[in-house]
Amino acid sequence: MCGIAGCVGHVNTPGLVVEGLETLQYRGYDSAGIAMQNDGQLEVVKTIGAPGNLRKQFDVNATIAETAIGHNRWATHGPVNMPNAHPHTNETGTIASVCNGTIENYKQLRAELTYNGYSFSSQTDTEVIPHLFDYYLAEGAEPENAFRQALGRLVGAYAVLALTDQDPGALYAAKFSSPLVLGVNGHEHIAASDTVVFAGTTKQATFLEDHDMVRLIADEPPRITSVKDSGSVVRVPEDIEDIEKKVGKGEFEHYMLKEIFESAETVRDATRGRIHPEDNLVKLGGLESVEERIKDTSRIVIVACGTSYYAGLIGEQLIEEIAGIPVEVQQASEFVYRNEPFDKNTTVIAISQSGETADTIGALKKADELAMLKLGIVNSLGSRIYRNTDAGVYCHAGPEIAVASTKAFTSQVTVLTEVAMALAEKSNTLNKPLMEELVALPEKIEAMLADTSAIQAAAKKYADYKNFLFIGRGYNYPVALEGALKLKEVSYIHAEGYGAGEMKHGPLAMIDEDFPTVALATDNPQLEKTMSNIEEIRARRGPVLALATAGNKEVEQTADDVIYVPASLEQTQPILNSIALQLFAYHVAVEKGLNVDQPRNLAKSVTVE
Ligand code: M6R
């Protein structure tokens, strides 16, 4: 939540920062702002809404600045308005700062600063930062020390960038529990919430750790020190050539559509080099270092949120069926509160696209305290979850910009299938057909995406309904949950996912001609029962849009409308089915004229609990 970017020494620092904010828009888009410093003079420009609006407020390419810092806001403290937009400054406008995170003790700090004569112009928690910086400068501290002392007063999670006229040309940055990464490109330095800001332009990135702060000056190596004791800290830059700058929309109208269309490629990337059907072999290099501990695993707990949690529910079925290990999936935000008995042979698997989700990080902390083996299924290289797990498997979905997760979900399910096979005995008879099917899937996805007219027609027909049920059984049950989440997230239509068998236990009461159901009715051992549920809904005049396997004509005799998807194995069918439901949600949102990529009230990385 919230994205920050700052730059020193670039030929056009304002341009780079605004472009960076546009790339980071997925992290927040309530308001945006930039502070630019030239010859010690600070100028701040803010806007409500997307960072692209900044371009209307000043000439981004013609403005000269030695340093610049910017922010995309996802509102936490105080409503969306100009005073609450970052950057925030001290009263004299000589210090500017931006912050991604939350300052838990801000009320106490505000009271203290107010007592010392400071006044505040926003309701945000983070306005205390420039005032504290100012306070310690006024006390006579050198800028670097004043910044350190200010940081030392903060309780919470933060990634902060700051500029002061007392150190013109320098950019200060620090992090604790929120992501911050440095890109170094010869003369210039960039500090940002995510490597996507500079991937493609810099080949290496330095991931700052908690309690790190840094002073960035053009032409000089970053000076990283500890907030705690001011000692020098060495952070070795890491290669980020793998993170391609795939962040343009290309020919697509929206990122969400582009990302759905990338699914074939991402499933391919998630299997490349890992599965070898000819040798009945699954090779997950990321798990090799913990092979022995994995062998002792008697139980698995998957922790995740949102779409990643639903991927986990599919993973649960896959691992239990294929590897025979008991699995439980918990919402990360609930896992932290439970007092269930765990033994040392319980392995935790954290699933996260962003790798920065606060609740999932919290769950990993608990796993740490219980000395469990922690594995990650993460899409963002270098992210906190990626770094805070003992080992893991990378999703290879590439940057996902649309708030609604699509291609990352299909990659997660692909990886979970691989993990299930890797955990299984070599003699498992399911492994080989599953591997062959994973190899075949990208072509099936491509075939499906070559003609989406039936999905578009269904979206047009159903876009005006106010409520939806999504139902499925077996492997299709989590797909129903995820389909409902996708629809509500981008179209703001109320939608609930249910196990089809639950209909008679309550939800059927809601069914009438105004309450449609999306039924996952692809071929699987439970299809006959699902067909009965469809009949029961139709008997109560409920419209039914079904997903069926190509060639199965039985479903269209019962459902009102049918979207056909290619046949797959029961275990891999969720990948195809969820792509169809992602497209359905997308086209409904487009029909309704909504901001598909940036749904109201949401942000891509949920970095607060
Ligand atoms: O980055 P993560 O996978 O940890 O994010 C978890 C959820 O916040 C995320 O999946 C959210 O539900 C998506 N917006 C759904 O499309």
Side-chain angles (χ1 to χ4, degrees), residues 1-3 24-29 74 178-179 193-194 196 254-257 259-260 263 266 302-315 329-335 348-364 376-389 392-395 397-413 415-416 470 478-479 481-492 495 497 578-579 581-586 589 594-609:
M1 265 148 182
C2 298
L24 291 172
Q25 197 166 312
Y26 67 89
R27 300 179 72 92
Y29 33 84
W74 186 88
S178 289
S193 304
D194 189 332
V196 291
H254 297 103
Y255 279 110
M256 182 176 174
L257 189 62
E259 289 161 6
I260 295 170
S263 300
T266 55
I302 295 179
V303 290
C305 303
T307 288
S308 298
Y309 168 75
Y310 295 138
L313 290 178
I314 298 174
V329 192
Q330 295 195 25
Q331 289 166 356
S333 52
E334 290 299 321
F335 175 77
V348 165
I349 302 182
I351 307 176
S352 176
Q353 187 288 125
S354 62
E356 299 293 348
T357 302
D359 289 317
T360 312
I361 292 170
L364 283 175
I377 295 181
V378 175
N379 190 41
S380 295
L381 266 184
S383 60
R384 261 186 103 198
I385 296 176
Y386 177 86
R387 302 161 85 75
N388 289 0
T389 38
V393 189
Y394 177 46
C395 289
E400 197 182 59
I401 305 296
V403 166
S405 188
T406 55
K407 62 174 179 170
F409 174 78
T410 40
S411 283
Q412 288 166 345
V413 177
V415 168
L416 283 159
F470 283 66
V479 179
L481 299 177
E482 166 60 9
L485 174 65
K486 213 85 302 167
L487 187 66
K488 58 186 147 196
E489 185 174 27
V490 296
S491 74
Y492 318 150
S578 56
I579 292 171
L581 295 187
Q582 291 164 359
L583 279 169
F584 177 69
Y586 169 80
L594 295 170
N595 185 348
V596 184
D597 286 335
Q598 287 142 11
R600 68 184 180 203
N601 306 338
L602 300 180
K604 183 81 182 155
S605 292
V606 185
T607 53
V608 290
E609 289 175 4

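When a ligand or atom number is given, it counts from 1 through the structure's own listing order.
With a 4.5 Å cut-off on side-chain heavy atoms, Cys395 and Gln353 do not count as touching. When side chains are defined from C-beta on, Thr406 counts as touching Met256, because their heavy atoms get closer than 4.5 Å. A heavy-atom distance below 4.5 Å is found between the side chains of Pro599 and Tyr492. Side-chain contact check for Ser578 versus Thr410: some heavy-atom pair is nearer than 4.5 Å.
In this structure, of Ala304, Ala585, Cys305, the residue bringing a heavy atom nearest to atom 7 (C) of ligand 1 is Cys305.
Of all the heavy atoms of Lys486, the ones lying under 4.0 Å from any atom of ligand 1 belong exclusively to the side chain.
At a 4.0 Å cut-off, at least one heavy atom of Val606 sits close enough to ligand 1 to count as contact. The shortest separation from a heavy atom of Lys604 to ligand 1 is not under 4.0 Å, leaving the residue out of contact.
Residue-ligand proximity, Ala404 to ligand 1, at heavy-atom distances under 4.0 Å covers atoms 16 (O). Near Ser405, meaning under 4.0 Å from one of its heavy atoms, ligand 1 places the atoms 15 (C), 16 (O). When each atom of ligand 1 is checked for a heavy atom of Gln353 under 4.0 Å away, the hits are 1 (O), 2 (P), 3 (O), 4 (O). Proximity to Ser308 (heavy-atom distance under 4.0 Å) selects the following atoms of ligand 1: 2 (P), 3 (O), 10 (O).
No N or O atom of Leu485 sits closer than 3.5 Å to an N or O atom of ligand 1. On a distance-only criterion, Ser354 and ligand 1 share at least one N/O pair closer than 3.5 Å.
The side-chain hydrogen bond (donor to acceptor under 3.5 Å, both in side chains) with Lys604 is formed by just one residue from the set Glu356, Gln25, Glu400, Gln598; it is Glu400.
Nearest heavy-atom pair across Cys305 and Ala332 is SG-CB, 3.9 Å.
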Item to check | Residue pair Asn595, Tyr29: steps toward the side-chain hydrogen bond (donor to acceptor under 3.5 Å, both in side chains) verdict | outcome: CA-CA 11 Å; Asn595 185 348; Tyr29 33 84; over 6 Å; no
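No donor-acceptor distance shorter than 3.5 angstrom exists from the side chain of Asn379 to the backbone of Pro399, with no hydrogens or angles considered. Judged by distance alone, with hydrogens and angles left aside, the side-chain atoms of Glu259 form a donor-acceptor pair with the main-chain N or O of Ile401 at under 3.5 Å.
Here the protein heavy atom with the shortest distance to atom 15 (C) of ligand 1 is Thr307 OG1, 3.0 Å. Closest protein heavy atom to atom 14 (N) of ligand 1: Glu489 OE2, 2.4 Å. At the top of the distance list for atom 5 (O) of ligand 1, counting protein heavy atoms only, stands Thr357 OG1, 3.5 Å.
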